[in-house]
Amino acid sequence: MSRPVLRPFEEADLPAAAGLLAQRHRAHRKRHPLLPADYEDERLALAEVTAVWETEGASGAVLAEDGELTGYLLAAPKPAAMWGPNIWVEAAGHAVREPEHIRDLYGAAAAAWVDAGRTAHYVLVPDDAELVDAWFRLGFGAQHAHAIRPVPSYRVAPPRDLVVRRALRADIPVLAELDLELPRHQGRSPVFSAGELGTYEEAVADWEESIDDPDYATFVAVHNGQVVGSSIGCSLDRSSAHSGLAKPDNAGFLGFAAVLPSARGLGAGRALGEAVLQWSADTGYTSVVTDWRVTNLLSSRTWPRLGFRQTFHRLHRLIGY
C-alpha cells in the first residue's frame with residue numbers, strides 16, 4: 001500500500017469530493033431522517049461542493065490513498081466584519097473516510113489561511129462523535145448549534161398565568177425592547193457575543209414597517225396584562241444560515257425568541273417556542289429548525305427540552321492566543 005498523499009484541492013477533484021460528501025450525508029440522515037435526502041445523490045452533492053469551490057477566496061486540500069480520494073477540505077472567507085479575519089468550512093466543505101484524517105487535511109490547508117491573516121476559523125460539522133472529536137483535537141470548540149424536530153402532533157397549553165397570542169400593532173414598543181434584549185443577553189457572560197446592538201428607535205421603525213408581513217408569525221407572552229416575551233416563526237426559506245445539507249424540505253423556522261429579564265422563570269420562553277411549533281404544524285410544515293449559541297445558558301437548555309435535536313455543530317478556533 002502506498003503512502004497517503006496530501007495536496008491542494010483542484011477543480012478536477014470535485015466529482016470525487018461529491019461522492020465522499022454524499023456518503024457522509026447518507027450516514028448523517030440515518031440519525032436525522034428529516035434532513036434533505038437530495039444530497040445523497042452525488043450529482044446534487046457535486047453542486048454543493050462546486051458552490052464552495054467557486055466561492056471567492058476558496059482553497060483547501062485533499063488526501064489520496066492508492067490514487068483514490070479519501071478526504072477533502074475546502075474553506076472560503078466571509079466578508080462580514082463580525083466574524084473577524086475569518087475562514088469558513090461550510091457543511092459541504094469537508095468529508096473523510098476516516099475522521100482522523102480531517103486533522104491531516106486541516107494541517108495541510110490551514111497554514112495558507114493563517115499566512116493570509118485569516119486567524120478566525122469556523123467549521124460546520126455533522127453530529128458524528130468521532131468527527132467532532134477530531135476537530136476538537138485541532139483546538140476547535142463548540143460555538144453554535146443547528147437543530148431540528150418534527151412538528152408536534154398535539155397542542156400544549158401555556159402555564160395558567162401566561163397568555164400567548166399573536167402580536168398586535170399596539171405591542172410594537174415592547175417588541176422593539178425585546179429585539180434589543182436578545183443581543184444584550186448574548187453580549188453578557190458566558191456568551192460574550194460581539195453582535196451589533198441597534199437602537200430602540202431603529203427597532204420601532206422596523207416593527208412599524210414589518211408587523212403586518214404575512215410571511216412571519218409573531219407571538220407574545222402576556223403575564224398580568226403585560227407583554228413579557230416574543231417569538232417569531234417563518235418558513236426556513238427565510239433563513240440564510242440554514243441551506244443545502246442543513247436545510248430540510250418543507251420546514252418552519254423558530255427564528256427569534258426573547259423574554260424580559262424580570263419575567264424569566266415563568267415558562268414564557270418555552271410557551272413561546274411551543275407557539276411557533278404549533279403554528280408550523282398548522283401551516284403544514286413537516287419539521288421545525290432552530291439554532292442557538294451553545295454558551296447561551298437559556299436557549300441551550302430550553303430548545304432541547306422542546307425536542308430539538310442537534311444536527312450540526314458550528315465549531316470555532318482563534319489562532320494565536
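Throughout, residue positions are numbered sequentially from 1 according to the sequence presented.
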Are any of the side-chain nitrogens in [X] or [Y] under 4.0 Å away from the carboxylate oxygens of its partner?
X    : Y    : result
R184 : E177 : yes
D13  : R7   : yes
E100 : R137 : yes
E68  : R97  : yes
R188 : E181 : yes
E90  : K78  : yes

Angle class for the F9/W53 ring planes (parallel below 30°, perpendicular above 60°, tilted otherwise)?
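Tilted.
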
What class does the angle between the rings of Y122 and H316 fall in, given that below 30° is parallel, 30 to 60° is tilted and above 60° is perpendicular?
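Rings of Y122 and H316: parallel, under 30°.
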
Atom [atom1] in [X], atom [atom2] in [Y]: separation rounded to 0.5 Å?
X    : Y    : atom1 : atom2 : answer
L105 : L73  : CG    : CG    : 6.0 Å
H144 : L315 : NE2   : CG    : 12.0 Å
S210 : I172 : OG    : CD1   : 7.5 Å
L74  : T50  : CG    : OG1   : 9.5 Å

Closest heavy-atom pair and its distance - [X], [Y]:
X    : Y    : result
S235 : W279 : N-CH2, 4.3 Å
A268 : A221 : CB-CB, 4.1 Å
W303 : G273 : CZ3-CA, 3.9 Å

Let's go through D237 and K247 carefully: what are the C-alpha distance in whole Å and the side-chain angles of both, what is the deciding distance for salt bridge (charged side-chain N to carboxylate O under 4.0 Å, His left out) to 0.1 Å, and is it a yes or a no?
CA-CA 8 Å; D237 292 337; K247 182 183 177 184; 2.7 Å; yes

Test item: [X] side-chain N/O and [Y] main-chain N/O as donor-acceptor pair under 3.5 Å:
X    : Y    : result
R309 : R31  : yes
T290 : L254 : yes
H121 : F140 : no
H28  : T311 : yes
R293 : Q186 : no

H94 and Y106 side chains, donor-acceptor separation under 3.5 Å
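Absent: no donor and acceptor within the cut-off.
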
State whether a side-chain donor-acceptor pair under 3.5 Å links Q310 with H313.
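Distance-only check passes for Q310 and H313.
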
Are the side chains of D171 and T218 in contact, using a 4.5 Å heavy-atom criterion?
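Counting from C-beta outward, T218 and D171 never come under 4.5 Å.
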
Note, D212 side chain near R169 side chain (heavy atom, < 4.5 Å)
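In contact.
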
With R166 as the cation and F219 as the aromatic partner, state whether NZ or CZ is under 6.0 Å from the six-membered ring centre and within 45° of the axis.
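That pair qualifies as a cation-pi contact.
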
